[in-house]
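Remember, it's 1-based here, ligands and their atoms both numbered in the order they're listed. Keep in mind it's a predicted model, so treat the numbers as computed, not measured.
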Amino acid sequence: MTREEAFDSVKANIENGNSIKHMLATEAIMRVLAKHLGEDEEEWGLTGLLHDIDMELTEGDINTHSKLGADLARELGANETMVHAILCHNEAHGIPRETELDKALFCVDPLTGLITAAALVHPDKKLAGLETKSVIKKFKQKGFAAGANRQQIALCSEIGIEFDQFIELGLTAMKGIADDLGL
Ligand SMILES: [Fe+2]
């Protein structure tokens, strides 16, 4: 599977622009993390890009979300490591996170929303001027972007990354595709 094939499939299955941006942001962060950790950048990036591909097909049904996505990813040519990470990123299935890729996708997923929300309350609504410390400050405000699960983000410790560095890597990754994100 090429990156182009994966992205074409995302666009064929997802209409919501914000959902596509979420998957692009997840991809970007996963690539930066893989590089930082010496993991396979393409494998991690494509897993991030594809992880919510079934979001609209499953219509918010938590019991089928990520199961269908895992099947779609497999059909596209994703390996079983990638398929497993996509499958277990939805905790509703009760499938334990085993690999570094499983754990990375899980903690990255809610980080994109936190960073996006932090950018949108920034005076110029852009990522460029946003600093790591501002995002950390927002993380500590419970009511801010409440949908971004703080405990889940903090699980970056499971892949051996300090919290502050995780935020910095995530922010750097998203700044790298700011135009695609419209931020
Ligand atoms: Fe997601």
> Between His22 and Asp109, do the side chains contain a donor N or O and an acceptor N or O under 3.5 Å apart?
yes
> We want to know whether Thr99 and His84 form a side-chain donor-acceptor pair, criterion being a heavy-atom distance below 3.5 angstrom.
no
> Who pairs with Glu5 by salt bridge (Lys or Arg N to Asp or Glu O under 4.0 Å), at least two apart in sequence or on another chain?
none
> Relative to the Fe ion (ligand 1), how many protein N, O or S atoms have a separation of less than 2.8 Å?
4
> List the atom pairs, with distances to 0.1 Å, where a side-chain N or O of residues 74-83 and a protein N or O form a donor-acceptor pair under 3.5 Å, not counting sequence neighbours.
unit_1	atom_1	unit_2	atom_2	d
Arg74	NE	Glu80	OE2	2.8
Arg74	NH1	Asp71	OD1	3.3
Arg74	NH2	Glu80	OE1	3.2
Asn79	OD1	Thr81	N	3.0
Asn79	OD1	Met82	N	2.8
Asn79	ND2	Glu43	OE2	2.7

> Using the benzene-type ring in the case of Trp, are the ring centres of Phe139 and Phe163 under 6.0 Å apart?
yes
> Once salt bridge (Lys or Arg N to Asp or Glu O under 4.0 Å) is applied, do any residues pair with Asp40, and if so which ones, sequence neighbours excluded?
none
